[in-house]
Amino acid sequence: MSVQFIENKNLFILSCAKLSCAFYVDANKRLVHLHFGGKVLGEEGLLPQEIRKGHSSFSPWADGEKPEDSADALPLEFSGFNTGDFRINSATVLTENGSAATDALYVSHHIYKGKKRLAGLPSAFAGDHDSVETLEITMRDTACELEFILSYSVFEECNTIVRSVKAVNNTALPLVIRRLMSAQLDLPHTGFDFVQLSGSWSRERHPERTPLHSGIQSIRSVRGASGHQNSPAIALAAHDATEYSGDVYGAVLAYSGNFLIEAECEQYGTARLCAGINPENFSWMLAPGESFETPEVYLTYSGEGLGGMSRNLHDFMRSHLIRDGWADRKRPLLVNSWEAAYFDFDSAKLLGIAESAAKLGIEMLVLDDGWFGARNDDTTSLGDWFVNTDKIGDLGELVKKINALGVKFGLWFEPEMISEKSKLYQEHPEWVLHEPGRRRSIGRQQMLLDMSRPDVVQYLFETISNILHSANIEYVKWDMNRNLTEVYSDMLPPERQGEVAHRFMLGVYRLHEMLLKEFPGLLIEGCSGGGGRFDAGMLGYVPQIWCSDDTDAMERILIQLGTSYFYPVSTIGAHVSVCPNHITGRSTPFATRGNIALSGTFGYELDLTKLTEEDQALVRKQVADYHRYHHIIARGDLYRLSDSFKVNPFDAWMYVSKDRKEALVTAVCRFCQPNSGVRFVRPRGLDPETVYEVDGMQVSGATLMSIGIQVKLEPGDGASRIYYLKAL
Ligand code: GLA
């Protein structure tokens, strides 16, 4: 049983293989947090319930309660606003009288097997795992019939608890939600580092680690997308936690729009974490009888450092977030036309690339930007999802010819966008997200469609479906190349404009859902100028996301390892591109570009017709490596072996198959240093008692893990090797 209720103590215990979470209903009906961390065996393993009673008169208590019951001094699962808890909070709801005071107490609970899906939002699923159980706790405001249903789904084998909150207006008057966080977690001390993934376009998700300090530390987005700048996921790592040991708490928000994740160190020496939709300029009108659901947060705990946290989350997302079995399925090994041709292609050029692909064992050609409307550069035609027949002739015929070569076909779209120079804009200028009377912001020569409008979503569904029905298109790359500005919708009254950014996101998710229903099995790759929308929300619809426009292999080490802190390697879009690299101008050996792209979905982003004989031979080897190692990389356990928080002269990481019979170690020398000594890489996660064959030697797992593999590389920047370990 993963959810237990101990009635005589009003105590809830949620148990995973290596994680326990406990809270109880106190005499005043508050939901008091007790434990989130390492596994405890039953109620006897928990600390006594009164873990903290410190308070001063500046921490108020409710009339009729005792001073030590102050909400400000208790660790709570859910907290309101303007009623005594002055910390960052779960919910602020405005009532008809203009008051934002919110305070909710326990009413009832319900435990059931499995997990419900959220309506219109990405959501985790139980799949065929019988052990998944859900606890729903109903809380009610102390002044009105506003209810909050807190949901906790326990994914035992992945050490992950999925949380979300639903607000239900049972009053007779409309209410306005100002803030509704998906989860609040109170931890009993502040000795943590805040670990985040930050960066910019082409430099996404570099890990950063900073000690928590008094006050609030946060990451957020107001871009209408999760953004290149911060990924909606953080870890709180004990100061002494490393990649391999120590306490680490992970929180991943399954949302792709404006988000906030914040941690507050407060006066009594505890830390509170809140994650959810960014309350900045957010409001949601809740009519009587209506409800509002927050996105989900995936909370995990690892006593095995940051690496253990990543492995929990990888297992969880692969089994319970990524749909249609794609997490385990081999993706077609593809070549993408973008860096091969940009806008400059015709059907002959595409067929040439497809012919080369067929000869090299590459399984799919993805036609990127430039195939529609009158688009030959980035100034026109977004929204006109009609084939540019002058450029590529009949799409159905082209795809038939490509398929006849034994190559599949994929196509690029940027559904949420509209160019001023487009037929769609002439017909529907009102579909653009804009605020009447204010000048518009332009980004990459394009504007955004108002995805909160059902007619816009329907138009996109119909036009994209027509294209997908017109040819054998087995893959879609869904791009989004700018962020939201002048977020305002003609469809909504002034008092509801605070809903637009979230409604935009709901429109994006709805379009994904509609397309996946119409085209079951369609493989969609997410993208946003590279990795500007790489988050667990998108992963609820797409099994892979183009990780960065920066395809430089050396740059990709930090980007991909950074991304791997929270997201499975099988979701990371990674391709071999041409050198000198189009963004950095750097040249890296072809073999290394392949070795690094293998730690992702794998493919090519170059003109295959221009490869030298030598590079073609390397492509054939890389294709063989992809097939040989895919199951270990996509389904195995990842261990980062070097310090992924900085640029190192030498990096290494590895994968171990779940049965520990196979492993793959990648070692890369970023900068060659003369006379740099003997270099051993110590693998992790092997079976100490098993003998492995590696590099022509037979060595026990124990010896390998204590002494390591001696890495011998050719001199030169960017030299690399992959070592395959097989249990004998
Ligand atoms: C974005 C993507 C690229 C490519 C271009 C096309 O930048 O990240 O991969 O698709 O758009 O315009």
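Both counts, for ligands and for their atoms, begin at 1 and track the order of listing.
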> Could you walk me through whether Arg670 and Asp651 pass the salt bridge (Lys or Arg N to Asp or Glu O under 4.0 Å) check?
Replying inline: CA-CA 7 Å; Arg670 200 190 293 243; Asp651 279 296; 2.9 Å; yes
Using a 4.0 Å cut-off to any heavy atom of [X], which atoms of ligand 1 qualify?
X: Gly530; value: 8 (O)
X: Cys527; value: 2 (C), 8 (O)
X: Gly529; value: 1 (C), 7 (O), 8 (O)
X: Asp369; value: 6 (C), 12 (O)

>> Is the positively charged end of Arg640 above the ring of Tyr565, judged by distance under 6.0 angstrom from the centroid and angle within 45° of the axis?
In response: yes
> Centre of Trp412's six-membered ring, under 6.0 Å away, within 45 degrees of the axis: is that where NZ or CZ of Arg375 sits?
Replying inline: no
> Parallel, tilted or perpendicular: which describes the rings of Tyr541 and Tyr509, with under 30° parallel and over 60° perpendicular?
Replying inline: parallel
>> Would you call the rings of His512 and Trp478 parallel, tilted or perpendicular, taking 30° and 60° as the class edges?
In response: parallel
Using a 4.0 Å heavy-atom cut-off, which part of [X] comes near ligand 1: side chain, backbone, both, or neither?
X: Asp479; value: side chain
X: Asn481; value: side chain
X: Arg444; value: side chain
X: Glu414; value: neither

Give the residue, atom name and distance (to 0.1 Å) of the protein heavy atom nearest [atom].
atom: atom 10 (O) of ligand 1; answer: Asp368 OD1, 2.6 Å
atom: atom 5 (C) of ligand 1; answer: Trp338 CE2, 3.5 Å
atom: atom 7 (O) of ligand 1; answer: Asp549 OD2, 2.9 Å

> Judged by non-hydrogen atoms, does Lys477 sit under 4.0 Å from ligand 1?
Replying inline: yes
>> Ignoring hydrogens and geometry beyond distance, is a side-chain donor-acceptor pair present between Thr551 and Glu339 at under 3.5 Å?
In response: yes
>> If the threshold is 4.0 Å, N to carboxylate O, is there a salt bridge linking Arg331 and Glu363?
In response: no
> Testing Asp625, Leu664, Val569, Val576 for side-chain contact (heavy atoms from CB on, under 4.5 Å) with Leu598, which one passes?
Replying inline: Asp625
